[in-house]
Amino acid sequence: MKLKSVSEYIEEMKSMYERAIPVVAPVISNDGLGSVIAIVSYGNGFNPIENATVTVYDSASGEVIEQVKTDSSGKTRLISLPTVRKSESLTPNNPDRAFAVYDIEASSENFITSRRNNIPVFDEEVSIQQFNLIWKFATENQSPTVENEGNPYNL
């Protein structure tokens, strides 16, 4: 990997800024849909990874729901996912969860895969998930990193 001069780095950042996809407004529907955008990078989030694979799994079954690639800014497109309708989640004393949960995995060649389990997805909301991947040659541990977002939510 060639080191860049400060001016080259500034020009690269300007170019990436001009091509960046803005964060979108919440999805409004009556269908019980929430959304996720994944941002995949390395180097503490400063270097986007283009063409990283982001896979969304159903947390309960492990079934692949969707698989997408990141753009040049390291972001995926908006991924719409079924969830509990907001009207149903606002019912008093409802014993059911007010959200759906998904597992999301980010991977790219030469990087250690990162996975987040039990990501809550709420109706009409966009969840932004940041993945900071680690170079494979930077560590002896080549096992995927796994984070569990499955803390019980008492809403």
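Owing to the predicted nature of the structure, the values given are computational and were not obtained by experimental measurement. If you read the sequence from its start, that first residue is 1, and numbering goes on from there. Keep in mind that the numbers below use all heavy atoms, side chains included, and drop hydrogens, waters and symmetry copies.
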Requested in this report: Please step through side chain to side chain donor-acceptor pair (under 3.5 Å) for the pair Glu105 and Thr55, ending with a clear verdict.
Outcome: CA-CA 5 Å; Glu105 187 174 85; Thr55 308; 4.9 Å; no

Query raised in the report: Which other residues belong to the hydrophobic cluster containing Val64, where Ile, Leu, Val, Met, Phe, Trp and Tyr are joined when side-chain heavy atoms lie under 4.5 Å apart, directly or via other members?
Result: Tyr57

Query - Gln67 and Val54, any side-chain heavy atoms less than 4.5 Å apart - result: no

Query raised in the report: For Ile49 and Phe111, what are the C-alpha separation, side-chain angles and deciding distance, and is it a side chain to side chain contact (heavy atoms under 4.5 Å, CB included)?
Result: CA-CA 10 Å; Ile49 300 176; Phe111 291 92; 3.9 Å; yes

Query raised in the report: Passes side chain to side chain contact (heavy atoms under 4.5 Å, CB included), Ile39 versus Gln129? Steps please.
Result: CA-CA 6 Å; Ile39 302 171; Gln129 296 296 316; over 6 Å; no

Query raised in the report: Which atoms form the tightest heavy-atom contact between Ala100 and Pro82, and what is the distance?
Result: CB-O, 3.6 Å

Query raised in the report: Of the non-hydrogen atoms in Leu133 and Ile112, which two are nearest, and what is the gap between them?
Result: CD2-O, 3.6 Å

Requested in this report: Looking only at non-hydrogen atoms, find the nearest pair between Val84 and Asp123 and report the distance.
Outcome: O-CB, 3.2 Å

Query raised in the report: With a 4.0 Å cut-off, would you call Asp103 and Arg116 a salt bridge?
Result: no

Report summary line: Value for CZ (Arg85) from CD (Glu124), rounded to nearest 0.5 Å, stands at 11.0 Å

Query - Thr70 side-chain N/O to Val40 backbone N/O, donor-acceptor pair under 3.5 Å - result: no

Report summary line: All heavy atoms of Ser41 vs all of Gln130, minimum pair found to be OG-NE2, 2.8 Å

Report summary line: Checking Val36, Ile119, Ile79 against Val56 for side chain to side chain contact (heavy atoms under 4.5 Å, CB included), the one that qualifies is Ile79

Requested in this report: For residues Tyr42 and Pro48, report the shortest heavy-atom separation together with the two atoms involved.
Outcome: CE2-O, 4.4 Å

Report summary line: Heavy atoms of Gly34 and Thr83 approach each other most closely as N-CG2, 3.6 Å

Query raised in the report: Between Lys69 and Thr53, does a side chain to side chain contact (heavy atoms under 4.5 Å, CB included) hold up when you go through it step by step?
Result: CA-CA 5 Å; Lys69 296 282 190 178; Thr53 301; 2.8 Å; yes

Requested in this report: Mind checking the CZ-OG spacing from Phe131 to Ser114? Nearest 0.5 Å is all I need.
Outcome: 5.5 Å

